[in-house]
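I have placed the structure first, in the form of structure tokens, so that the comments after it can refer back to it.
Both ligands and their constituent atoms are indexed starting at 1 by order of listing.
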Amino acid sequence: MRQQNKVLFYELVRRHIRELLPIIYTPTEGDAIAAYSHRFRKPEGCFLDITDPDSIDERLSKFGEAKDIDYVVVSDGEGILGIGDQGMGGIRISIAKAALMTLCGGLHPGRVIAVGLDTGTNNKNLLNDPLYMGNKFPRVRGEEYDIFMEKFITSLTKRFPHAVLHFEDFGVINGRPVLEKYRKVLPCFNDDIQGTGAVVMASMTAALKITKRELLDSQVVIYGAGSAGLGIADQIVNHMVTKGATKEEARAKIHCMDRRGLILDDMHDKSTPAQQSYADSAAEWEGIDTRSLVDVIEKVKPTVLVGCSTQAGAFTEEVIKTMYKHNPRPIIFPLSNPTRLHECVPEDALKWTDFNALVATGSPFKPVEGHVISENNNCFTFPGIGLGAVLSRATVISDTMISAAVDQLAAGSPGIADYKKGLLAPLEVIDETSAQVATAVILQALKEGVAKVEEEESPAGGKVSVPRDFDGCMKWVKEQMWKPVYRPMIKVEHVDSIHTHQY
Ligand SMILES: NC(=O)c1ccc[n+]([C@@H]2O[C@H](COP(=O)([O-])OP(=O)(O)OC[C@H]3O[C@@H](n4cnc5c(N)ncnc54)[C@H](O)[C@@H]3O)[C@@H](O)[C@H]2O)c1
Ligand SMILES: O=C(O)C[C@H](O)C(=O)O
Ligand SMILES: [Mn+2]
């Protein structure tokens with residue numbers, strides 16, 4: 001339906017969002033990605049092939065000219081949700097996230113491109129599968145990968161100079177270095193690192209408000225120190241710094257574990273630089289089993305436990321009860337997707353804490369005895385961040401723009417009035433939530449002088465002046481958002497007169 005009738009598709013999903021989002025997005029998308037080559041019917045999105053880097057420009061050219069594209073989602077398929085390397089099937093995560101940019105972020109569906117980079121795969125099942133449609137060789141690393149990425153970015157910025165770039169589900173090897181390099185070049189962000197960091201910081205802020213605690217009194221254990229885990233750690237540090245802590249003080253309140261256990265400062269040769277910046281002192285942990293989550297919790301006495309480890313069931317009864325022993329209101333976020341990979345289910349986390357835990361999950365879950373379980377998913381942040389960057393014509397997406405998104409999302413938490421209502425606004429108003437987040441991002445970009453919207457001619461002609469007050473700006477944002485409504489059929493020469501938005 002999405003391919004045949006976009007108005008019908010987006011309006012149907014909007015009206016039945018709780019029922020249909022899990023089908024077009026998490027968790028079902030995971031199955032669709034894994035089965036990509038077997039279910040393939042017709043191509044969708046832009047396929048870029050590392051064996052043919054010279055074709056990048058021509059392949060992108062099929063999607064339009066400079067004025068036509070606002071937003072590009074790209075994945076190389078190496079770190080799809082918690083199901084790992086899915087090779088070329090990863091293009092479907094770009095398609096799903098692009099669809100959410102329209103559904104929640106109000107971007108015109110014709111002005112968004114989903115891109116898949118085929119750089120090989122290390123997934124043995126795919127390499128041995130006669131139906132696998134991608135390149136059947138191990139992932140290309142190093143210089144050849146870097147040159148391919150550079151060519152992609154160069155072509156993209158030349159051909160679509162107004163486009164915002166969204167990186168999705170890259171592996172831990174490439175995700176952060178690629179982001180660090182290119183965020184200085186074009187407006188871009190990595191959703192797993194920054195989108196996830198932002199949504200988790202927002203729900204944590206709401207949970208702290210509900211329980212009347214200060215951010216700086218937090219101790220956080222992050223179980224799973226990959227893209228998401230370290231993105232969350234960075235966002236918490238950013239927020240602690242805005243509350244007066246130094247970077248060092250803030251980092252000392254965060255304790256990260258990966259498959260080797262707690263990250264310690266004597267593991268530097270095997271940790272990434274980002275992991276190393278959160279390392280605990282090995283000397284202080286001597287004699288303690290740092291591979292045991294329970295033992296780590298016993299020592300740290302964390303107020304917040306975040307799971308992004310892909311390890312189903314890692315938050316056992318003992319883990320949760322140890323959290324509860326040290327805290328009357330523990331904050332517990334099992335975030336690994338899809339659903340079957342959650343570190344615990346909300347029902348258990350609530351029962352094991354006599355319903356005192358504040359729980360939000362990565363995938364959708366039903367309410368437990370009247371407690372709404374918010375979906376702590378980056379779908380609450382990336383559409384607003386993306387829309388804000390597009391509409392403001394931001395030249396960069398700064399950390400402070402992301403922090404503005406966090407504060408705005410946290411302010412809309414229904415849990416602050418009644419904690420049983422969940423930490424994040426309900427899915428039914430996600431387009432409204434995204435408009436609010438976009439407004440905060442735009443106002444921050446204007447304040448920082450990185451918004452070019454008022455300097456350039458708008459696509460509809462003329463200059464735009466963006467209201468500086470929140471309500472006025474939000475009204476302008478909503479006017480720009482694409483709505484799934486059938487438009488009248490008219491003669492081409494009258495098209496300008498029915499334009500209701502800037503596109
Ligand atoms: N809710 C959300 O919005 C959201 C956003 C991004 C990622 N996620 C989920 O988080 C999970 C991780 O995603 P990612 O992109 O960070 O992947 P990643 O591969 O970058 O990181 C996974 C991390 O988990 C660690 N890990 C693996 N086994 C472990 C174990 N036994 N104990 C402790 N740590 C272990 C790995 O060492 C690695 O550091 C996925 O399931 C993904 O779906 C959720
Ligand atoms: O795709 C999602 O549901 C969230 C996140 O980006 C993930 O990788 O799990
Ligand atoms: Mn992701």
Side-chain angles (χ1 to χ4, degrees), residues 21-22 24-30 32-33 73-86 90 92-100 104 166-176 179 189-203 221-235 255-263 267 270-272 274-275 278 290-293 296 305-315 319 333-343 360-365 373-383 424:
L21 196 69
I24 67 157
Y25 185 57
T26 310
T28 314
E29 66 179 356
I33 292 166
V73 186
V74 65
S75 181
D76 73 358
E78 186 171 6
I80 296 295
L81 310 176
I83 59 174
D85 188 342
Q86 299 298 326
R92 282 216 66 92
I93 196 67
S94 302
I95 295 167
K97 297 271 176 180
L100 262 67
C104 319
H166 166 150
F167 293 105
E168 188 68 42
D169 288 354
F170 281 69
V172 78
I173 296 175
N174 290 315
R176 195 173 271 263
L179 171 68
F189 69 106
N190 179 305
D191 181 37
D192 298 287
I193 299 175
Q194 295 159 290
T196 313
V199 71
V200 172
M201 189 64 238
S203 40
V221 168
I222 296 183
Y223 189 72
S227 298
L230 294 167
I232 293 164
D234 289 352
Q235 193 58 51
H255 311 269
C256 296
M257 296 178 75
D258 76 356
R259 53 168 66 82
R260 303 161 301 168
L262 188 69
I263 311 280
M267 293 175 164
K270 291 197 191 85
S271 302
T272 63
Q275 285 183 328
Y278 292 100
T290 52
R291 300 177 84 91
S292 154
L293 178 56
V296 170
L305 176 62
V306 179
C308 32
S309 64
T310 73
Q311 299 302 303
F315 296 174
V319 164
F333 293 159
L335 301 182
S336 289
N337 297 324
T339 319
R340 68 186 152 80
L341 295 184
H342 269 54
E343 286 80 3
T361 51
S363 295
F365 279 89
I373 309 298
S374 284
E375 198 173 331
N376 213 353
N377 188 295
N378 49 32
C379 67
F380 283 95
T381 47
F382 77 78
L424 297 167

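- Within the 4.0 Å heavy-atom cutoff, A225 counts among the residues contacting ligand 1.
- In terms of N/O distances under 3.5 Å, ligand 1 is approached by S227.
- In this structure the side chain of V221 never reaches within 4.5 angstrom of the side chain of L262, judged on heavy atoms.
- Judged purely by atom type and a 3.5 angstrom limit, Q235 has no side-chain atom pairing as donor or acceptor with the backbone of G231.
- Contact annotation: the side chain of Y223 never approaches that of V296 to less than 4.5 Å [non-hydrogen atoms, C-beta and beyond].
- Within the 3.5 Å criterion, the main-chain N or O of L424 finds a donor-acceptor partner in the side chain of S374.
- Nearest residue to atom 37 (O) of ligand 1 from D258, T361, T26 is D258 (criterion: closest heavy atom).
- Contacts between L81 and ligand 1 below 4.0 angstrom, taking non-hydrogen atoms only, involve backbone and side chain alike.
- Atom 25 (C) of ligand 1 has G224 CA, 3.9 Å as its closest protein atom, hydrogens excluded (heavy atom only).
- Shown here for P338 and I83, the closest heavy-atom pair between the two residues is CD-CG2, 3.9 Å.
- Using a 4.5 Å heavy-atom threshold, the side chains of P27 and R340 count as separate.
- Under a 4.0 Å criterion applied to the non-hydrogen atoms of D192, ligand 1 contributes the atoms 6 (C).
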Legend entry - Working for side-chain contact (heavy atoms from CB on, under 4.5 Å), residues F382 and V199: CA-CA 9 Å; F382 77 78; V199 71; over 6 Å; no
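- Rounding to the nearest 0.5 angstrom, the gap separating the CG atom in L179 from the CG atom in D191 is 11.0 Å.
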Legend entry - Check against side-chain contact (heavy atoms from CB on, under 4.5 Å), E375 and F380: CA-CA 9 Å; E375 198 173 331; F380 283 95; 4.2 Å; yes
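- Scanning all protein heavy atoms for the shortest distance to atom 9 (C) of ligand 1 gives L335 O, 3.7 Å.
- Here the OG1 atom belonging to T26 is positioned 8.0 Å from the CG atom belonging to N378, to the nearest 0.5 angstrom.
- Atom 36 (C) of ligand 1 has as its closest protein heavy atom R259 NH1, 3.9 Å.
- When atom types are taken as modelled, the side chain of D76 and the backbone of F170 share no donor-acceptor pair closer than 3.5 angstrom.
- Of the protein's heavy atoms, C308 O, 3.9 Å lies nearest to atom 22 (C) of ligand 1.
- In terms of protein heavy atoms, atom 5 (C) of ligand 2 is closest to N378 ND2, 3.4 Å.
- For D169 (side chain) and G77 (main-chain N/O), no donor-acceptor pair under 3.5 Å exists by modelled atom type.
- Of all protein heavy atoms, the one closest to atom 7 (C) of ligand 2 is L81 CD2, 3.6 Å.
- In this structure, the protein non-hydrogen atom closest to atom 6 (C) of ligand 1 is T196 OG1, 3.3 Å.
- Of the charged side-chain nitrogens involved, none lies within less than 4.0 Å of a carboxylate oxygen, so that K270 and D258 do not count as a salt-bridged pair.
- Here I80 has no heavy atoms under 4.0 Å from ligand 2, in either its backbone or its side chain.
- Taking distance alone, with nitrogen or oxygen atoms compared against 3.5 Å, N376 approaches ligand 1 more closely than that limit.
- Among I232, I80, N337, the residue whose heavy atom lies nearest to atom 41 (O) of ligand 1 is N337.
- From the protein, the heavy atom lying nearest to atom 26 (N) of ligand 1 is S309 O, 3.6 Å.
- The shortest separation from a heavy atom of N377 to ligand 1 is under 4.0 Å, placing the residue in contact.
- Shown in contact with D192 at under 4.0 Å from a heavy atom are these atoms of ligand 2, numbered in order with element: 5 (C), 6 (O), 7 (C), 8 (O).
- Residue D191 does not touch ligand 1, judged by heavy-atom distances below 4.0 Å.
- Per-residue contacts place V172 under 4.0 angstrom from the following atoms of ligand 1 (heavy atoms of the residue considered): 20 (O).
- Residues P364 and L21 have side chains not in contact (no heavy-atom distance under 4.5 Å, counting atoms from C-beta outward).
- Between the side chain of Q275 and the backbone N or O of A225, at least one donor-acceptor pair lies under 3.5 Å.
- Summarising the contacts of atom 11 (C) of ligand 1 with G171, S336, A228, P334, the nearest heavy atom is found in S336.
- Closest to atom 3 (O) of ligand 2, if we only count protein heavy atoms, is T26 OG1, 2.2 Å.
- At a distance under 4.0 Å, a protein heavy atom can be found next to atom 20 (O) of ligand 1.
- N378 N, 2.9 Å is the protein heavy atom nearest to atom 3 (O) of ligand 1.
- Side-chain polar atoms of N376 and S203 form a donor-acceptor pair below 3.5 angstrom.
- Annotation: atom 9 (O) of ligand 2 to nearest protein heavy atom, N337 ND2, 2.9 Å.
- For the pair M257/L293, a side-chain contact is recorded, criterion being any heavy-atom separation below 4.5 Å from C-beta on.
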Inset, instruction - Could you walk me through whether I222 and L230 pass the side-chain contact (heavy atoms from CB on, under 4.5 Å) test, one step at a time? - result: CA-CA 8 Å; I222 296 183; L230 294 167; over 6 Å; no
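- The side chain of Q311, and not its backbone, has at least one atom closer than 4.0 Å to an atom of ligand 1 (non-hydrogen atoms only; side chain from C-beta on).
- Distances below 4.0 Å separate heavy atoms of G82 from the following atoms of ligand 1: 40 (C), 41 (O), 42 (C), 43 (O).
- Residue, atom and distance of the protein heavy atom nearest to atom 32 (N) of ligand 1 are Y223 OH, 3.0 Å.
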Inset, instruction - Please assess Y278 against H255 for the test ring-ring contact (aromatic ring centres under 6.0 Å, His included), listing each intermediate value before the final yes or no. - result: CA-CA 7 Å; Y278 292 100; H255 311 269; 9.8 Å; no
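- Taking a cut-off of under 4.0 Å to the non-hydrogen atoms of G362, the atoms of ligand 1 that pass are 1 (N).
- Each of the atoms 11 (C), 12 (C), 40 (C), 41 (O) of ligand 1 lies under 4.0 Å from some heavy atom of T310.
- Around the Mn ion (ligand 3), the protein N, O or S atoms closer than 2.8 Å are E168 OE2, D169 OD1, D192 OD1, listed by chain and residue number.
- Polar contact with ligand 1: absent for Q275 (N/O pair, distance under 3.5 Å).
- Without hydrogens or angle criteria, S227 side chain to V172 main chain gives no donor-acceptor distance under 3.5 Å.
- Between the S363 side chain and the N337 main chain, no donor and acceptor come within less than 3.5 Å of each other.
- Heavy-atom proximity to K97, at under 4.0 Å, picks out these atoms of ligand 2: 1 (O), 2 (C), 4 (C), 5 (C), 6 (O).
- In terms of modelled atom types and a separation under 3.5 Å, the side chain of S336 and the main chain of S309 share a donor-acceptor contact.
- Of the N or O atoms in G226, one or more lie within a sub-3.5 Å distance of an N or O in ligand 1.
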